[in-house]
Every structure is written in C-alpha cells, then in structure tokens.
Amino acid sequence: MRLNSNVANKTYKLTGFPSHFHEFGDLVEIKKQLITVISLCKERGLVHSVKCDMYNLLPLSSCQKAYFLYMYSRYLSGEKKKDDETVDSLGPLEKGQVRNEALRELRVELSKKHSAGELEGFTLYLYGVVLRKLDLLKEAVEVFVEATHALPLHWGAWLELCNLITNIDMLKSLSLPDCWIRDFFMAHMYTELQMIKEALQKYQSLIESGFSKSTYIISQIAVAYHNIRDIDQALALFNELREQDPFRIENMDTFSNLLYVRSMKPELSYLAHNLVEIDKYRVETCCVIGNYYSLRSQHEKAALYFQRALKLNPRCLGAWTLMGHEYMEMKNTSAAIQAYRHAIEVNKRDYRAWYGLGQTYEILKMPFYCLYYYRKAHQLRPNDSRMLVALGESYEKLSQHVEAKKCYWRAYSVGDVERMALLKLAKLHEQLNESDDAAQCYIIYIQDIFSCGEQLEHAEVSTALRYLGQYYFKNKLYDEASLCAQRCCDYNDAREEGKALLRQISQVRDHMEASSTDLFGPLSSNNTPVRRVSPLDLSSFSP
C-alpha cells in the first residue's frame, strides 16, 4: 500500500555518520532508532515514510497497529474510488472537484478516539491527513503537531505540517517537540518561507554537527540556491549530488528546471534518458521529460508528461505549476488557470502559481485580478524584482501611477534581474510629462547597462538615447545632445533620428555663432542653459 498524496518525493538519505554526535547525542543510538521505526512504517504500508530515514522508537501494541491498518485501508479505498471516478472521464485537472466519500466517516470515528486519547503517532498522522483533506486546516495543524510529539521521527507528519504553515509568525507560535529532527524541519521551513539566509545557516550547522555527507542536505542547499535564482551555485551542487549518488531521482525535477532556464538542451536530454533507465514511473522522471519537451517547444507532449506525473501523485506541486506554464504557451488560459489553482490548493506558498495566475489574467486583460494575484506573489517573494515589475504594470494599467512608480523603483533597488524596471519607470515619467525624472531614469539605465557590458535589445538602449538626445536639446545642453545623437547612429532603429538631431544641433550652433558676432552685446536669458539633471557621460562606455 502507498500513501501517494502525502509524503512522496522526500527521500532522505542521512549517510556517513561519525561515531560521536556532539549536538544530537550518540549517533549509534540514533541509527538503531531509525532502523526500528523503518520497520514500523513498512508494517503500516507507509513506504514513502520508510525512505525518510528519520524516526523515533515508540512501543506500539499489535492492536494499535491493526487499528491503523484498518483505518488507513479505508482511506486508501476512498482515494482509489475517487481517482477511478475522475481519471478517465474528467482528467487530472478536475481531480480536486471529486471528494473521497470515506473522509467524513473516518473523521467522525477518529475524532471520538482522539477525544478519548486513544490515538498513537501513526493514527494521529492519518487523522491529520483526513482533516486536511476536508479543508479543516486549523484542526489539522493541531493534530499534526500532536503527531510530531507522539512520534517525533515520523517525517511524514512534519512534511504535512510544513505544507500548512503560511508564515514565520505561525511557525513561531507552534509548540514543537524538542528533538534533533526539529532542526531539519526548521531548515526545511526556512527554505519554504523563502528565508534562504536562515535556511543555509541551519543546514551549515547540521553539516558541522555530523551530517557532512548527507545527500539530503546537499540537495536542500541546492534547492535553496535555486529559490534565490543563484543558478550557477545550484547547478554546481546538483552536479556534485549526481556524482555522489548517480541513481538519485529525488529533486531531479528541480535540477531540470535549472537546465531549462539555462537552455542546456543536451544536459537535459541526458538527464531525462538517465532517469527513464532508472525508473520511468516516478513523478520526477515525468517532470524532467516534460521540461525536455517544453524546451523543444513541444508543449502538447510536455503537458502530457506533466499529466502523467499528476496521475502518479495528484499533490505534486511542481507538475501542476509546470502544466499551467505549458497551457499558457498553448494559449489555453482556462486550463492554465485550473492548473495554477490546483497548485495553490497543494501549497498556498507557491509564488510561481500566484504569479502564473497574474500572467494569465493579464492575457485576459483583467487588471484587477492581475493586481490581486501579483500582490500574493509579491508577499511570498518581497525581494523578487519580477513580482514588483508585474505589480507596477498592473498599477499602471489601473492608472495608479504613484503606486506603479514605487514598485518600479523598488524593483530596481532590490536588484532588477531582467533590467526592465528603470526603463518602465522612465517611460511612465515620460508619459506623465515628468521630463526631468524620466531623463534621470534613462541616464541611470544606460549607465547600468553599459557598465555591465551587457548586450541587450537595441530598442531598449536606443529608446533611452533618443529621449535623452531630445531632452538635452530642449534644455540647450548641445554637447550632451550631440553625444546621445552620435550614439543613436549605432542602432538601426534610431540612426535616422540621430542624424536628424545632429543636423538640428549643427544648425543651432551655426545660428548661435552668427548671433555672437557682437561680443559686447547683452546676453539673452533665453539662451542660458539650465542643467536640470546630471549630464550623461558615455565617453568610457560603448554599446
């Protein structure tokens, strides 16, 4: 028996322990505990929890085990019937609309036992799953916390609890057991809550405490770097992980996301073929193949493999989100919305799903909906410039220009990964006839681009140069205007305008020379240039 919907994809292999463990006690004793509780999980059909390798001893009577198996079998039977009713007729996108009819009966019976204090760790875990499935989330959190106290090293209960914690305040409010596995949970939660600095510090302390050869910790650090878009570091760690454990499948879907972003088609192809040879029926394998087809722009095939992943595990967060992306590519906005909503049902902290919904409603020209979903994404990723730029665009479409300006400037301040925030801010100032502010933004934008030596689209730089040339000309800063006009001639789309501006500057200068023959004539105040912004210095840069 398998509990497909709860603790899949989390295989923890804590290997290479030293003979003495300073912070956590005697490691030999911990190993004995793990071996014992693995046996307990196998007896109960919790095969994914068996992989977690982190458990605690808890004497359980055969009666308690039999009761768990009885209730768990009823739960699985209900899940199987639900899947049979939906998979053929409606497909994976509609799975969430059909309920497991056994859930309410299970809740009533388990509630009575719970009130009487008759539930042990495994059955408390099952009770929490039932409550979560019935959307009784507050009660589910309380029961999962109780399950971690009753059976601290059952990682499945910790993972279920992780999916229900929405913010750091909620995490701090929970009374969790004082056990060494709590450090693993806290590191995992920090990663999920995008507190990457704290997560990396926690994992480093675990490495120093004796888990230096843990492939689980290496994978989690790689995921953390993936979350902050440090792609080079994440790729290096995943490659190291593959060298240490070439048959590993866990987290390879995240690895494939990085290869996809970098358009590393040969590497992604090799990874997909390798995982198919290891186990083609794993969720991660299907996701990797889906990414491979997506990179080849075969979006129908990609969506098919993400659907296969969801048949294997309907609670696979990554598959829902990636399938939403594929439907977006196929212009199937209604299916994309459904997929993203399912991803949010699985994990409300998935900023990619919120962001995807915002993009979908942007295509549908529904800016109020865009604003709502982009706000959600921004709350989860407050320092992600992409969320801020999207928010700014939504505010701009709703004519909330003050808020739009704040978002664009904030996006630039936190590190604009796509280098579009200043450009959009400058164009907004230009649209509002705020010429000085627009010029200042264009100046910073051009200097940033040239100083980094990046080759961006010509239209982006030439747009800024065209505006600055005209701006300086109107403000009678002819040297700066001439420099911008000369730079415009380097770009095909701005060359004619640059030449025209140079002719205008030449005519004005000729006229000024003719007018200045009387050296002792009075100076006209109209001819005095006014420097409203710092002049643009491009002498040391080249596009």
Side-chain angles (χ1 to χ4, degrees), residues 392 396 399 401-402 404-409 411-413 416 419-543:
E396 189 174 346
S399 298
H401 296 135
V402 174
K405 292 176 191 176
K406 290 179 181 177
C407 288
Y408 291 143
W409 183 252
Y412 170 71
S413 301
D416 184 12
R419 299 196 179 278
M420 292 298 294
L422 271 180
L423 194 66
K424 291 182 180 294
L425 180 57
K427 289 180 178 179
L428 179 56
H429 282 305
E430 183 180 350
Q431 176 188 330
L432 298 174
N433 296 317
E434 299 167 351
S435 57
D436 294 343
D437 293 325
Q440 193 66 58
C441 290
Y442 278 131
I443 287 172
I444 301 172
Y445 170 74
I446 289 178
Q447 290 176 336
D448 283 354
I449 295 300
F450 286 174
S451 64
C452 293
E454 295 187 10
Q455 296 293 327
L456 296 187
E457 292 295 327
H458 288 174
E460 297 170 353
V461 177
S462 61
T463 297
L465 289 170
R466 279 198 301 260
Y467 181 85
L468 286 171
Q470 293 296 334
Y471 173 82
Y472 285 130
F473 182 78
K474 289 175 183 177
N475 284 279
K476 302 179 181 177
L477 298 170
Y478 299 119
D479 290 342
E480 288 81 2
S482 178
L483 179 58
C484 289
Q486 291 171 17
R487 293 292 188 187
C488 283
C489 294
D490 294 331
Y491 302 95
N492 292 331
D493 61 329
R495 183 170 294 127
E496 293 306 317
E497 291 182 51
K499 290 179 179 179
L501 182 56
L502 285 172
R503 286 193 295 269
Q504 284 182 287
I505 295 170
S506 179
Q507 291 172 2
V508 170
R509 282 175 169 168
D510 290 344
H511 178 71
M512 289 173 63
E513 288 177 4
S515 301
S516 64
T517 54
D518 184 1
L519 296 177
F520 299 99
L523 289 174
S524 169
S525 61
N526 294 331
N527 292 330
T528 303
V530 178
R531 291 182 181 269
R532 302 198 175 193
V533 297
S534 302
L536 178 62
D537 179 14
L538 293 179
S539 58
S540 60
F541 305 123
S542 59

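Numbering starts at 1 and runs along the sequence shown.
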Do the side chains of [Y] and [X] get nearer than 4.5 Å, heavy atoms only?
{"X": "Val461", "Y": "Asp490", "result": "no"}
{"X": "His401", "Y": "Gln431", "result": "yes"}
{"X": "Leu502", "Y": "Cys489", "result": "yes"}
{"X": "Lys427", "Y": "Thr463", "result": "yes"}

Can you tell me how far the [atom1] atom of [X] sits from the [atom2] atom of [Y], to the nearest 0.5 Å?
{"X": "Ile446", "Y": "Arg487", "atom1": "CD1", "atom2": "CZ", "value": "10.0 Å"}
{"X": "Cys484", "Y": "Asp479", "atom1": "SG", "atom2": "CG", "value": "11.0 Å"}
{"X": "Glu480", "Y": "Tyr471", "atom1": "CD", "atom2": "OH", "value": "11.0 Å"}
{"X": "Leu423", "Y": "Ile444", "atom1": "CG", "atom2": "CD1", "value": "12.5 Å"}
{"X": "Arg466", "Y": "Tyr491", "atom1": "CZ", "atom2": "OH", "value": "11.0 Å"}

Can you see which heavy atom on [X] is nearest to which on [Y], and at what distance?
{"X": "Ala439", "Y": "Leu468", "result": "O-CD2, 3.5 Å"}
{"X": "Leu501", "Y": "Ala485", "result": "CD2-CB, 3.8 Å"}
{"X": "Ala404", "Y": "Leu428", "result": "CB-CD2, 3.8 Å"}
{"X": "Ser462", "Y": "Ala494", "result": "CB-CB, 3.8 Å"}
{"X": "Leu422", "Y": "Cys441", "result": "O-CB, 4.0 Å"}

Can you list everything that forms a side-chain contact (heavy atoms from CB on, under 4.5 Å) with Glu496? Sequence neighbours excluded, please.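 Expected list: Lys499.
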
Can you list the steps and then say if Lys405 with Val402 is a side-chain contact (heavy atoms from CB on, under 4.5 Å)? CA-CA 5 Å; Lys405 292 176 191 176; Val402 174; 5.6 Å; no

Working for side-chain contact (heavy atoms from CB on, under 4.5 Å), residues Tyr472 and Leu483: CA-CA 10 Å; Tyr472 285 130; Leu483 179 58; over 6 Å; no

Taking the ring centre of each residue, are Phe473 and Tyr478 less than 6.0 Å apart?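 Between Tyr478 and Phe473, which both carry aromatic rings, the centre distance is below 6.0 Å.
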
Side-chain donor or acceptor of Asp416 paired with backbone N/O of Ala421 under 3.5 Å: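 Checking the backbone N and O of Ala421 against the side chain of Asp416, a donor-acceptor pair under 3.5 Å is found.
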
Taking only residues two or more places apart in sequence, or in another chain, which ones meet Glu396 in a side chain to side chain donor-acceptor pair (under 3.5 Å)?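 Checked Glu396 against side chain to side chain donor-acceptor pair (under 3.5 Å); matches are Tyr408.
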
Would you please classify the geometry between the Tyr442 ring and the Tyr467 ring as parallel, tilted or perpendicular, with 30° and 60° separating the classes?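 Judged by the thresholds at 30° and 60°, the geometry between Tyr467 and Tyr442 is tilted.
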
